[in-house]
Amino acid sequence: MSMTTSTRSVLDIRDLQVHFPVNRGVLFIKNKGAVKAVDGVNLSIAPGETVGLVGESGSGKTTVGRAIIGLVKPTGGVIEFEGNNVLEMNSAALRQFRRQVGVVFQDPYGSLNPRMTAERIISEPLVAHHLFNSKQERRARVQELLEIVGLNAGMASRYPHEFSGGQRQRIGIARAIASDPTLIILDEPVSALDVSIQAQIINLLDELQDRLQIAYLFIAHDLSVVRHASDRVAVMYLGKLMEVAPRDAVYDNPLHPYTKALLSAVPVPDPEIEKKRERTILTGDIPSPTNPPSGCVFRTRCPIADEACAESIPELREVTPGQHVACLKV
Amino acid sequence: MVKTSDSVEPSSVDTARIQLPYWLAGLLRHRLSVIGGSFILFVAFLAVFAPLLTGFEPTEVDPPNRFLRPSFEHLLGTDYLGRDQFTRLIYGARISMVVGIFSVVIASFIGVPLGLTAAHFGGWTDSAIMRFIDAKLSIPGLILAMMLLLMLGGGVLTVSIALGINLSSAQARLIRSQALSVKEREYFHAARAMGTSNWRLILLHMMPNSIQPVIVQASLGVGFAILGEASLSFLGLGVTPPTPTWGNMLSLAFQYMRSAPYLLFAPGVAILLLVMSFSFVGDGLRDVLDPRLKGKI
Ligand SMILES: Nc1ncnc2c1ncn2[C@@H]1O[C@H](COP(=O)(O)OP(=O)(O)O)[C@@H](O)[C@H]1O
Ligand code: SF4
Ligand SMILES: [Mg+2]
């Protein structure tokens with residue numbers, strides 16, 4: 001598979017696997033298989049690009065993000081950051097890598113330490129990476145960051161509970177950009193916010209990207225959220241990518257049955273089109289990643305599945321330029 | 001510059017802050033805590049100013065005046081050596097308070113680092129620490145105290161160490177379980193992902209967010225330690241006589257229960273009230289500090 005040449009990307013993930021062991025028994029630990037949270041994912045992100053990573057809850061998106069930032073250890077595959085394998089970096093390189101990769105989490109309540117002021121939260125990456133070493137310099141940087149994300153410099157001494165959900169997410173974003181990263185993992189950054197606030201945060205992320213040239217991996221559980229922000233969209237199901245394509249191809253000409261199903265769940269603004277369009281309704285639940293279906297993992301819910309789908313595993317193939325689909329029938 | 005911002009959502013606290021720390025303000029609203037706290041302060045006052053409050057020495061014997069009933073001269077009477085019981089009570093308060101507080105401080109200084117280390121590093125570090133604690137728990141507290149007292153002699157510090165070691169297992173378990181839940185929080189993940197050192201992770205993220213129940217348990221533990229000192233005194237394992245403690249006063253009083261039953265009253269009631277006071281304050285702290293009862297921190 002060659003989606004982009006690895007030299008031009010910030011991040012290049014090849015055949016990433018994250019299997020969590022399922023252990024039973026206390027005295028004699030028996031390995032009863034594994035949760036295949038991520039099972040052979042290939043994805044690359046170009047500098048300044050936004051890649052939307054979309055799929056139902058449980059499809060493994062968070063695990064991909066956590067593997068990239070080193071919170072879980074992959075059981076296989078390669079994660080390359082600017083051409084260097086993250087999994088084989090020495091501690092100095094790893095430090096540099098951590099400085100260049102930021103993360104924003106879903107929960108604006110859980111992602112800020114309730115015992116720290118906004119100033120200390122935002123200066124954490126500065127302290128960790130010995131940036132802006134004097135107290136005054138650091139304070140000035142924090143105030144600058146607060147203003148960049150649309151808060152007042154005067155709010156620096158407040159604690160998280162003194163902010164609204166949207167403001168907290170802004171603080172999380174300020175922390176993520178503090179050390180001048182080239183890539184930010186956004187794990188459902190707006191899913192926990194009111195709809196009215198969601199657009200503000202997405203706009204903020206957009207503006208920051210234009211200004212600071214940061215690449216985003218934007219994780220979301222439905223296609224509507226990432227539509228405007230993404231350059232490309234990757235659709236994930238049960239640990240595997242089903243379709244990876246430029247944004248317009250995904251929304252105007254989805255090829256994978258799962259992408260079509262996800263799109264059906266997104267309302268179309270025009271009521272005429274909404275009435276006429278054919279719908280694929282997803283029924284049932286996502287199967288357990290401990291025991292995924294044979295062949296194509298989507299086959300138990302796929303409206304056009306047949307016997308062949310139980311036999312062979314579809315690989316991602318480039319079907320139209322830039323549009324990669326993993327389906328035997330496309 | 002990006003336009004601000006969530007004007008529809010007011011931020012929860014804005015105007016002038018309350019001057020008192022919130023836990024103190026909350027505690028003052030908790031009636032039993034106020035009563036308990038006042039009694040503790042009263043006992044502390046007696047203990048600190050003991051020499052000014054009495055004309056006798058706590059170890060001053062006066063055999064002709066033994067077993068005197070309470071009177072104006074001897075407010076609480078005298079014991080079998082003619083020592084003034086009130087004097088011994090307020091001097092004894094020093095020992096009981098000091099033993100109570102030392103024990104808990106020692107327990108926390110042992111238990112908190114062990115619990116945090118176990119939680120943070122997990123794996124075999126965790127197993128080793130928790131096994132060690134289990135092993136220690138399987139030695140009854142009394143045996144442990146006896147061993148220490150035989151090795152170190154029966155001073156205030158020995159008794160506090162013995163009781164402190166005993167209490168430390170509970171502190172370690174408590175903070176470990178809290179810390180394990182902190183470890184799952186996203187702010188902890190965020191800090192780890194940005195390369196924050198283990199040291200800072202533990203001190204700045206894990207400890208401040210898991211220490212509250214330890215504080216509550218500590219205030220309950222003071223009462224436990226005061227009782228513990230009393231029980232050790234009964235077995236002759238407490239602070240060595242003639243230094244007065246509430247525990248050894250009570251155990252002496254039991255020996256002369258027939259001839260001078262009134263001697264039981266003062267140390268008995270004092271222990272009871274002080275233990276109750278610490279548990280009231282502990283309960284109050286729990287209500288004030290417990291985020292589930294109080295809403296979000
Ligand atoms: N630490 C873990 N141990 C075991 N299973 C896990 C762990 N983390 C995630 N999983 C499992 O991996 C699957 C994918 O989870 P996740 O990456 O959170 O999906 P998503 O973010 O798409 O909702 C789920 O079935 C989840 O239960
Ligand atoms: S391979 Fe078969 S089951 Fe899988 S998506 Fe294509 S048609 Fe459906
Ligand atoms: Mg997720």
Side-chain angles (χ1 to χ4, degrees), chain A residues 66 68-71 94-95 97-99 101-116 120-121 124-125 127-129 147-152 155 158-167 169-170 172 175-176 178-179 185 187 193-194 196-197 200-201 203-204 207-208 211, chain B residues 1-18 21-23 122-124 127 130-131 178-179 181-212 215 289-292 294-297:
Chain A
R66 291 177 50 149
I68 296 168
I69 56 182
L71 291 175
L94 206 56
R95 195 142 268 284
F97 165 73
R98 291 189 185 288
R99 189 185 75 66
V101 180
V103 58
V104 175
F105 290 106
Q106 171 174 1
D107 178 7
Y109 295 88
S111 58
L112 308 180
N113 184 338
R115 309 252 163 235
M116 286 187 174
R120 284 188 65 198
I121 290 169
E124 243 193 319
V127 174
H129 298 293
E147 275 164 11
I148 289 176
V149 299
L151 296 169
N152 296 325
M155 295 173 169
R158 294 197 194 166
Y159 285 88
H161 72 268
E162 299 175 66
F163 292 96
S164 67
Q167 289 175 323
Q169 209 57 319
R170 287 173 192 268
R175 171 176 62 190
S179 60
I185 311 296
D187 192 353
L193 302 175
D194 287 352
S196 58
I197 313 293
Q200 294 177 4
I201 298 296
N203 286 340
L204 169 65
E207 289 174 55
L208 289 175
R211 234 173 109 156
Chain B
M1 193 87 352
V2 182
K3 284 270 148 42
T4 334
S5 114
D6 324 336
S7 41
V8 276
E9 280 181 287
S11 73
S12 48
V13 179
D14 208 357
T15 43
R17 303 245 193 103
I18 326 126
Y22 79 93
W23 59 268
W124 69 263
S127 319
M130 295 324 282
R131 288 249 165 101
Q178 293 290 314
S181 76
V182 170
K183 230 177 140 180
E184 299 304 315
R185 305 300 295 273
E186 286 183 338
Y187 60 79
F188 198 81
H189 290 155
R192 262 177 62 193
M194 70 182 76
T196 300
S197 64
N198 284 330
W199 183 240
R200 291 181 70 86
L201 284 175
I202 292 176
L203 282 186
L204 299 179
H205 292 279
M206 203 174 241
M207 193 170 83
N209 290 294
S210 51
I211 200 78
Q212 285 187 349
I215 294 170
L289 296 178
D290 192 330
R292 276 163 308 183
K294 198 187 141 264
K296 298 237 165 48
I297 325 159

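A note on names: the letters A, B, ... follow the listed sequences, proteins ahead of strands, and every chain is numbered from 1. All figures in this text were calculated on a predicted structure; none of them were measured in a lab.
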remark   = Between B:Leu204 and A:Asn113 the two heavy atoms that sit nearest each other are O-ND2, 3.1 Å

message = Applying a heavy-atom distance below 4.5 Å, give me the residues of residues 189-199 of chain B that approach chain A, sorted by number.
response = B:His189, B:Ala190, B:Ala191, B:Arg192, B:Ala193, B:Met194, B:Gly195, B:Thr196

key: Residue A:Arg120 versus chain B: region with a heavy atom under 4.5 Å   = side chain

Between [options], which has the largest tally of heavy atom pairs under 4.5 Å with chain B?
| options | result |
| --- | --- |
| A:Gly70, A:Gly102, A:Ser179, A:Ala128 | A:Ala128 |
| A:Asp107, A:Val101, A:Val104 | A:Asp107 |
| A:Ile185, A:Leu112, A:Ile121, A:Val103 | A:Leu112 |

request  = Would you indicate whether the side-chain heavy atoms of A:Met116 and B:His205 approach each other to under 4.5 Å?
outcome  =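 Side chain of B:His205 against side chain of A:Met116, heavy atoms only: contact under 4.5 Å found.
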
ask   = Would a 4.5 Å heavy-atom cut-off, applied to side chains only, mark B:Tyr187 and A:Pro160 as touching?
value =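 Side chain of B:Tyr187 against side chain of A:Pro160, heavy atoms only: no contact under 4.5 Å found.
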
